[in-house]
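Worksheet: the structure to be examined is printed underneath.
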Amino acid sequence: MKDQVVELIGGAIAQLITDGILPEGDIPTPQVDHTRDPSHGDLATNIAMVLSKRAGMPPRNLAAAVVERIPENTVISRCDIAGPGFINFHISQASNLDVVRKILEAGAGFGRSDEGGGKRVQVEFVSANPTGPLHVGHGRGAAIGDALCRLLDNAGWSVHSEFYYNDAGQQISNLALSVKARLDGVEPGDDGWPKDGYQGDYIREVARAYADGETVAAADRTIEASGDTENLADIQAFSVAWLRREQDQDLKAFDVNFDCYFLESSLYTSNAVEEAVERLIANGHTYEQDDALWLRTTDFGDDKDRVMRKREGGYTYFVPDVAYHLNKWERGFERVINEQGADHHSTITRVRAGLQGLNKDIPEGWPDYVLHQMVTVMRDGEEVKLSKRAGSYVTLRDLIDEVGRDATRFFLTARAATSQLTFDIDLALSKSNENPVYYIQYAHARICSVQRKAVEQFDGWTPANGLDHLDQLAHDEEQALALVLSKYPEVVAGATKRLEPHAVANYLRDVAAAFHSFYNQHKIIDEDSAVSLARLALASATQQVIANGLHILGVSAPEAM
RNA sequence: GCGCCCAUAGCACAACCGGAUAGUGCAGCCGCCUUCUAAGCGGCAGGUUCCAGGUUCGAGUCCUGGUGGGCGCGCCA
């Protein structure tokens, strides 16, 4: 509908050039927006203000000239010139309602596009180290990352989701030492408790399972505990597997799945880290100083150079990360999106610098990053500090168990990633019925209920039965609902372009509001069957849009509540 | 001190590439269930968009300088 109006304005502009009112040359595509205020019509354009200088006439006069030249059509029922030179378009009822037909015909495909053209995109997210259960912050990453995958899939990309984790190194050693301490009966605070040890209760459970000789099967590994309390390597392998299993269960409960779990250790065993380092040295981007090897990241926009190989011989964390991203590139992902917490934003410059230094013709701004700000958790009116080591902790599992998967996912995706988020557990718990997700799901369930009734009432009923009667829908609430539904493809396209899934969440609230308002004002199944069939078609189109939108957010669309 | 993100109603948050009278939910107040799900609807109230300048037909949005908050600035990850 918007496209049609853009085209009509384009026709008028072409005529203005023919008539010599506008000079030939670069004319921008007319910008057409939905209006905020219904008194401004349905769509508006600022084209007259943009071109007024070029035409050498006041915006309002130019607007009048544009309106005169808009070709004959059935879409626009009225044009007004308003304010400083806006042209407001009122869309004809029939044209506005045509979206109902489009939605019912396209079904689950409504709002999909093939813009991605089947090109491959890799999305890395969560990537938590196996040193503890997933917390709310990881949950935010999981919810946003998965929604990004779904958005990109919806836009015709071939999406590959990946979880990268560190299964070796200092933090994992600390984990193993913490478990060993528990096995030896050493408590946090005792003499002999490891420095930087993990204090959470879950460490005790890992120790108990190890001592009992349990077998754990995680997504990518199965390990049987030897039970040998002196064998640190066994303890470490078991602990990693045990925590991986925990995280897998958390993610499964959250309905987030990955195509691949990528192990940091594999970059060492495949020699990828060593090869990347050698290449950086060969390319002259490194130097030795203080018995360490440095990467001259300042050549690529960093504010200081960074150590690659530590004095004791090991690599710093970003070196395998560079090797990992080279691996992504060599796997053919021309587009890669990394969703991660903003506390890791300093890695961006280093990883990109390392990639540039490899001289592999990797684009400068590659890969893309989506950073989410921190989640603050409030309980009893006080902030809960998240600390894995101290063990004071709000796990993702707790939230899912307490407030439900749908509500948790919605809450974590409904806000812009750039804004800090306060998750008030008391509010989510005690007033879960007031969570916006129920408002949207309720609209969906209501429609399903009406559809069940329609099947009883009308023999062989399907939503399409109403398509020949759409002219019955002349009320404000009906027109308003159809207008909201018609925005769905633009909303999804915008959310995909800007990598902002929260726009979909906000939009769905608008759809639900328009539907509830319509529902309260008009009885859908009335005596007059033409009106009933038309309203059923409109309601069914609404149900389809809500279902499609909720799917992108990874939230269920219940048929009954 | 430097870098990144943020600042919008009592609270939590929206606002597309700069568009017209800045919206939504919760909390508050007043109404609506003999009708397809009241987890709903209608109405009222609530704002100097942190401050000061600038850019222009037009700024919550862009620029400069402040103030306040979060995160980062390890040979930790």
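The sequence lines fix the lettering, A, B, ..., with proteins before strands; numbering per chain opens at 1.
Here A:Leu421 lies in heavy-atom contact (under 4.0 Å) with sugar-phosphate atoms only. Residue A:His372 is out of contact with every strand shown, counting any heavy-atom pair closer than 4.0 Å. Backbone-only contact: A:His516 has heavy atoms under 4.0 Å from sugar-phosphate atoms and none from a base. Nucleic acid contact class of A:Asp510 (heavy atoms, under 4.0 Å, all strands): none. Across all strands shown, A:Ala342 has heavy atoms under 4.0 Å from sugar-phosphate atoms exclusively, and none from any base. Residue contacts for A:Ala445: at a heavy-atom cut-off of 4.0 Å it reaches a base atom on one of the strands shown. If you check every strand for non-hydrogen atoms under 4.0 Å, A:Asn46 touches a base. Across all strands shown, A:Ala560 has heavy atoms under 4.0 Å from base atoms, whether or not it also approaches the sugar-phosphate. Nucleic acid contact for A:Ala414: none, since no nucleic acid atom lies under 4.0 Å from a heavy atom of the residue. As judged by a 4.0 angstrom heavy-atom cut-off over every strand, A:Arg311 is placed among the base-contacting residues. Using a 4.0 Å heavy-atom distance criterion, A:Ala416 is classed as a sugar-phosphate-only contact. Nucleic acid contact for A:Asp290: base, since at least one base atom lies under 4.0 Å from a heavy atom of the residue. The residue A:Tyr519 sits close to a base: some heavy atom pair falls under 4.0 Å.
Straight-line distance between the C1' atoms of B:rC63 and B:rG25: roughly 34 Å, to the nearest whole Å. Remark: the separation of the P atoms in B:rG58 and B:rC26 is 38 Å, to the nearest Å. Annotation: B:rG66 and B:rU24 have their P atoms spaced 37 Å apart (nearest Å). Comparing the C1' positions of B:rC33 and B:rA38 gives a spacing of 6 Å, expressed to the nearest Å. Spacing of C1' atoms, B:rG60 relative to B:rU8, comes out at 7 Å, to the nearest Å. Nucleotides B:rG23 and B:rG46 are separated by 13 Å at their C1' atoms, to the nearest Å. Here the separation of B:rU61 from B:rA52, taken at their P atoms, is 13 Å to the nearest Å.
For B:rC16, there is no paired nucleotide, since no Watson-Crick or G-U wobble pair has both relevant distances below 3.5 Å. Shown here, B:rU56 forms no base pair; nothing in the strands shown gives a Watson-Crick or G-U wobble contact with both key distances under 3.5 Å. Judged by Watson-Crick or G-U wobble contacts below 3.5 Å, the nucleotide B:rC41 has B:rG31 as its partner. Remark: B:rC36 base-pairs with no nucleotide; criterion is Watson-Crick or G-U wobble with both hydrogen-bond distances under 3.5 Å. Across all strands shown, nothing is found opposite B:rG74 as a Watson-Crick or G-U wobble partner with both distances under 3.5 Å. In this structure B:rU8 sits in no base pair that meets the Watson-Crick or G-U test at under 3.5 Å. Pair assignment for B:rG65 gives B:rC51, based on Watson-Crick or G-U wobble hydrogen-bonding distances that are each under 3.5 Å.
Note on A:Arg415: every side-chain N or O is 4.0 Å or more away from OP1 and OP2 of B:rA14. For A:Tyr442 and B:rA39, the shortest distance from a side-chain N or O to OP1 or OP2 is below 4.0 Å. Between A:Arg446 and the phosphate of B:rA38, there is a side-chain N or O to OP1/OP2 separation shorter than 4.0 Å. Taking 4.0 angstrom as the limit, A:Tyr438 places none of its side-chain polar atoms (N or O) nearer than this to OP1 or OP2 of B:rU37. Between A:His502 and B:rA15 there is a side-chain N or O to OP1 or OP2 distance below 4.0 Å. For A:Thr349 and B:rC4, the shortest distance from a side-chain N or O to OP1 or OP2 is not below 4.0 Å. In terms of phosphate contacts, A:Ser517 brings a side-chain nitrogen or oxygen within less than 4.0 Å of OP1 or OP2 of B:rG42. At the phosphate of B:rU37, OP1 or OP2 sits under 4.0 Å from a side-chain N or O atom of A:Ser449. For B:rU37, the OP1/OP2 oxygens have no side-chain nitrogen or oxygen of A:Lys523 closer than 4.0 Å.
When distances run from any side-chain atom of A:Lys310 to the nucleotides B:rC76, B:rC13, B:rC5, the shortest one goes to B:rC76. Comparing B:rG40, B:rA20, B:rC73 against the side chain of A:Phe86 picks out B:rA20 as the nearest. When each of B:rC76, B:rC17, B:rC57 is scored by its nearest atom to the side-chain atoms of A:Pro84, the top-ranked nucleotide is B:rC57. When the nucleotides B:rG40, B:rC5, B:rA77 are ranked by their closest atom to the side chain of A:Thr418, B:rC5 comes out on top. Proximity note for A:Val307 (side chain, C-beta onward) versus B:rA77, B:rC75, B:rC36: the nearest is B:rC75. Residue A:Arg498 places its side chain closer to B:rC17 than to any other of B:rC17, B:rA77, B:rA20. In the set B:rA20, B:rG72, B:rC76, the nucleotide with an atom closest to the side chain of A:Ala44 is B:rA20. Side chain of A:Met561, nearest nucleotide from B:rA39, B:rA20, B:rC13: B:rA39. Nearest nucleotide to the A:His40 side chain, out of B:rA20, B:rG40, B:rC57: B:rA20. Checked against B:rC36, B:rC76, B:rC73, the side chain of A:Arg350 finds its nearest nucleotide in B:rC73.
The pair A:Glu124-A:Lys328 counts as a salt bridge, with a side-chain nitrogen and a carboxylate oxygen less than 4.0 angstrom apart. Taking 4.0 Å as the cut-off between side-chain N and carboxylate O, A:Lys304 and A:Asp302 do not count as a salt-bridged pair. Using a 4.0 Å cut-off between a side-chain N of Lys or Arg and a carboxylate O of Asp or Glu, A:Arg306 and A:Asp303 qualify as a salt bridge.
With hydrogens and angles left out, the side-chain atoms of A:Asp167 and A:Ser265 include a donor and acceptor closer than 3.5 Å. Counted by atom type alone, A:His325 and A:Arg352 present zero donor-acceptor pairs between their side chains at under 3.5 Å. A donor atom on one side chain and an acceptor atom on the other are found under 3.5 Å apart for A:Arg350 and A:Tyr317. At a cut-off of 3.5 Å, with distance as the only test, a side-chain donor of A:Glu339 or A:His372 sits close to an acceptor on the other residue. A:Glu490 and A:His34 form a side-chain donor-acceptor contact under 3.5 Å, judged by distance and modelled atom types alone.
One can place CZ of A:Arg36 at 8 Å from C1' of B:rG23, the figure rounded to the nearest angstrom. As rounded to whole Å, 21 Å separates atom P of B:rC2 from atom CG of A:Asp305. As rounded to whole Å, 14 Å separates atom P of B:rC73 from atom CZ of A:Phe318. Atom CG in A:Asp302 sits about 12 Å away from atom C1' in B:rC2, given to the nearest Å.
If you check distances only, the side chain of A:His344 never reaches the base of B:rG72 with a donor-acceptor pair under 3.5 Å. Counting distance only, with no hydrogens placed and no angle test, the side-chain atoms of A:Asn88 and the base atoms of B:rA20 include a donor-acceptor pair under 3.5 Å.
Base orientation of B:rC26: anti, the glycosidic angle falling outside 90° of 0. Syn is the classification of B:rC33, since its glycosidic angle stays within 90° of 0.
Distance check, rounded to the nearest 0.5 Å: CD1 of A:Ile144 to CD of A:Glu500 gives 10.5 Å.
Looking at A:Tyr507, its side chain does come within 3.5 Å of a backbone N or O of A:Val484 through a donor-acceptor pair.
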